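In what follows, a single structure is set out as C-alpha cells and then discussed.
Both ligands and their constituent atoms are indexed starting at 1 by order of listing. What you see is a predicted model, and the numbers here were worked out from it, not measured in a lab. Residue numbers count from 1 along this sequence.
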Amino acid sequence: MTAALQAVIVGAGPAGVRAAQTLVAHGVRPVVVDEAPRWGGQIYRQPPAGFTRPKRTLYGFEAGRAEALHSAMAGILDRVDYRPDTLVWSAEGGRLDLLCQGQMSTLPYRQLIVATGATDRVLPFPGWTLPGVYTLGAAQVALKYQGCAIGARVVFAGTGPLLYLVAYQYAKAGAQVVAVLDTASFKDKAAAVPAMLRQPALFAKGLYYLGWLRAHGVAVHQGVRLLRATGGAQVAAMHWRDEHAEHALACDAVGFGYALRPETQLADLLGCRFAYDGLQRAALPERDGAGRSSVPGVYLAGDGAGIMGADAAEWAGERAALALLADAGKPVAAARAAELEARLARTAAFRVGLERAFPFPQDWAVSAPDELLVCRCENITAGELRQCVSDTGAREMNRLKAQTRVGMGRCQGRTCGVAAAEILAQACATSPDAVGRLRGQAPIKPLPFAAKVQTQEEAA
Ligand SMILES: Cc1cc2nc3c(=O)[nH]c(=O)nc-3n(C[C@H](O)[C@H](O)[C@H](O)COP(=O)(O)OP(=O)(O)OC[C@H]3O[C@@H](n4cnc5c(N)ncnc54)[C@H](O)[C@@H]3O)c2cc1C
C-alpha cells in the first residue's frame, strides 16, 4: 500500500540535495528548508550572488564535486519547494517551526529527512575569546564565502583534517600562515595509515596538503599542547609547548578547532533515541544502515547524525530518500540501496583511521586551568564547574546546567557543551559518556525578539 507523502528535508548540503534529487526522480515534490541563502552546505558553500570567483579557486580539488552538486539542485528547482534563508528552530511530531525574514510559521510533514550537518568541536584555551581568535570553520567560511582572511599573520591550531586544509587554503590565497600547531602527533598519524589507505585518494589529498605547507615554508608542529593566546584589543601571540619547551608565535589571528561535532538538536527535539559513540566521543542519534531513526517517518543523513564527510553525506542522503520512498510503498532499486550502504560501510572504516590520526586530546580537561572561560555566553569558568561538582554533587550535564547556567545562553551548548562535559567527567573521575548530554531545547538557535508569528490568514 502507498502511504501519503508529504516530505520535508532540512538542510541543502550534500546530504539534503541528493535526498531531494532522489525524491524528485521518484515523482515526489519535497520541501527543502535551509537557513543558508544558497544551497551547497558547508563544503560547497556558494558565495553571495554577484561574486564571480571561479569554482577552482573556491573549492580546489573539490571543484568538480561542487559543480555537480550545485547543478543537481539547480536542475530540480522547479520540482521542489525550496526555502532558503529559513531556520528550523523547533520541531515536534509532524510539524516544524520556521523563521524566515523575521516571520515565524509552521510546516507540517509526514516524512522528514534531517540533514543538518556539523559545526566545529571547540575545546577552549585561555585567551580564546580575544578578538582575532576564530574557529577553523569560521576562518574557512570567511575565505570561501566572502574572500576575506581572518588576519594577515595567522596561526592555525587544534587537530583534525580541517586544520591542514584551512591552513593550505589560507596560504594558497596569499595569507601568511605563521604555523600549524597540531595536538595530534606524528606517531598517531603513522598508526592510522593502514585504516586510511582504505580511501587512498582522500589519504593522498591529506598528504598533499601537509607536503605543500612544508614545501612553502609553513612550520608544522605536531604533538603540541596549546597554552594560551595573549594580546590586548586583538590577539598578538599564540603560546604552546612541545615536549622540550614553551614557545610563543606572534600573530594577528588564530583559527582553531578539534574536528567537528554533529548538529543533533532537531533529532533530539523529535525524540530520536541517542547512543554514545566512543569513536566520535559524542552521543549520536541512532540510525539503521538506511538512515531510519528510532522515530517512524524521521530519517537522518549526513554529518548531522555522525561525522562521515561530504561524499558519504551525498550517499547517505540518497539512501535515506530511498528508505523514505520504500517505507511509503514506492518501488525503489534495491541494488542501488545496497551499493550505497556498502560505500557508507567502507567510509566508516576510513573514519576509524581519521579518528586515530587526529585523536581527541584526552588530557585536555585535566590541564584546563580553573580560570579558563568555558561558557562565554554565561561567563562560566572551568573552576566554577568543578566547584559546582564538589558543592552540589552534580554528576550529569543537565544538572550542571541547572546549577551553573552552562549551555543556557545563545549557543545553547553548541559551542561550550563538549568542553563542559569533559570538565564534568574529569571532576567526577568518570568518562564523558557517563555524564550524559545536554537535552535539546527550542529555540535551537537564537530568535530575534522582533520575530512575528504568521497569522492563519497570512498562512492561507
Ligand atoms: C564550517 C565547515 C567547513 C567545512 N569545510 C569542509 C571542506 O572544506 N572540505 C571538506 O571535505 N569538508 C568540510 N567540512 C565538512 C563537510 O562540510 C561535511 O562533511 C559535509 O558538508 C556534510 O554534508 P551535510 O549535507 O551532512 O551537511 P552540511 O554541508 O553541513 O549541510 C547542512 C545544511 O543544513 C542547514 N541547516 C542546519 N541546521 C539547520 C536548521 N536548524 N534549519 C535550517 N537549515 C539548517 C545548513 O545551513 C547547511 O546548509 C566542513 C564543515 C564545516 C562545519
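Side-chain contact between P124 and W364: present, with at least one pair of heavy atoms (C-beta onward) separated by less than 4.5 Å. With a 4.5 Å cut-off on side-chain heavy atoms, R153 and V178 count as touching. R121 is listed as a side-chain neighbour of F360, based on a closest heavy-atom distance under 4.5 Å. In this structure the side chain of T119 reaches within 4.5 angstrom of the side chain of R261, judged on heavy atoms.
At least one N or O atom of P14 sits closer than 3.5 Å to an N or O atom of ligand 1. Below 3.5 Å of separation, one finds no N or O of V141 facing any N or O of ligand 1. Considering backbone and side-chain N/O of D34, one or more are found under 3.5 Å from N/O of ligand 1.
Atoms of ligand 1 found under 4.0 Å from any heavy atom of I444 (numbered from 1 in listed order, with element): 41 (N). The ligand atoms of ligand 1 that sit less than 4.0 angstrom from a heavy atom of G13 are 25 (O), 29 (O), 31 (O). Atoms of ligand 1 lying under 4.0 Å from at least one heavy atom of L165, given by number and element, are 7 (C), 8 (O), 9 (N). Below 4.0 Å from some heavy atom of T86 lie the following atoms of ligand 1, by number and element: 43 (C). Proximity to A115 (heavy-atom distance under 4.0 Å) selects the following atoms of ligand 1: 32 (C), 33 (C), 34 (O). Interface of G117 with ligand 1, defined as ligand atoms under 4.0 Å from a residue heavy atom, comprises 26 (O), 27 (O), 28 (P), 30 (O), 32 (C). Proximity to G137 (heavy-atom distance under 4.0 Å) selects the following atoms of ligand 1: 1 (C). Atoms of ligand 1 found under 4.0 Å from any heavy atom of A310, numbered from 1 in the order shown, are 19 (O), 20 (C).
Ligand 1 does not have E263 within reach: every non-hydrogen atom of the residue lies 4.0 Å or more from it. Under the 4.0 angstrom criterion for non-hydrogen atoms, M308 is not in contact with ligand 1. Contact analysis leaves V166 out of contact with ligand 1, as no non-hydrogen atom separation drops below 4.0 angstrom.
If you look at L136 next to ligand 1, there are no close heavy atoms at all, none under 4.0 Å. With a heavy-atom cut-off of 4.0 Å, A15 touches ligand 1 through backbone and side chain alike. Of the heavy atoms in E62, none comes closer than 4.0 Å to ligand 1.
Between F61 and Y209, the angle of the ring planes lies from 30° to 60°, which puts this pair in the tilted group.
Between A184 and P359, the shortest heavy-atom contact is CB-CD, 3.6 Å. When all heavy atoms are compared, the tightest approach of I9 to G16 is CG2-CA, 3.7 Å.
The existence of a salt bridge linking R414 and E263 is confirmed by a sub-4.0 Å separation between a basic side-chain nitrogen and an acidic carboxylate oxygen. Under 4.0 Å is where a charged nitrogen must lie from a carboxylate oxygen, and between E341 and R336 no such pair does.
Counting protein heavy atoms only, atom 41 (N) of ligand 1 is closest to V88 O, 3.0 Å. From the protein, the heavy atom lying nearest to atom 6 (C) of ligand 1 is L162 CD1, 3.7 Å. Closest protein heavy atom to atom 44 (N) of ligand 1: E35 N, 3.0 Å. Protein heavy atom at the shortest distance from atom 53 (C) of ligand 1 is A118 O, 3.2 Å. The protein heavy-atom contact nearest to atom 38 (N) of ligand 1 is T116 CG2, 3.5 Å. Shortest contact from atom 29 (O) of ligand 1 to any protein heavy atom: Q42 N, 2.9 Å. Considering only non-hydrogen protein atoms, atom 15 (C) of ligand 1 sits nearest to L260 CD1, 3.7 Å. With respect to atom 34 (O) of ligand 1, the closest heavy atom belonging to the protein is G11 CA, 3.2 Å.
For the residues D311, I43, V17, the heavy atom positioned nearest atom 21 (O) of ligand 1 is part of I43. Closest to atom 22 (C) of ligand 1 by heavy atom, among L143, V32, D303, I307, is D303. Distances from atom 5 (N) of ligand 1 to the heavy atoms of Q140, R18, R83 show the closest one on Q140.
For the salt bridge (charged side-chain N to carboxylate O under 4.0 Å, His left out) with D311, the lone residue among R65, R18, R343 that qualifies is R65. Screening Y134, W240, F125, F156 for a ring pair (Phe, Tyr, Trp, His ring centres under 6.0 Å) involving F256 leaves a single residue, F125.
Checked against the 6.0 Å centroid threshold, Y44 and W39 do not count as a close aromatic pair. Checked against a 6.0 Å centroid threshold, the rings of H70 and Y59 count as neighbours.
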Checklist entry - Hey, mind stepping through L202 and M196 against side chain to side chain contact (heavy atoms under 4.5 Å, CB included) and telling me if it holds? => result CA-CA 8 Å; L202 281 180; M196 290 205 293; over 6 Å; no
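Q140 and Q169 are linked by a side-chain donor-acceptor pair at a separation below 3.5 angstrom, with hydrogens and angles left out of the test.
Annotation for R228: atom CZ counts as buried by contact number, over 12 foreign heavy atoms lying within 6.0 Å.
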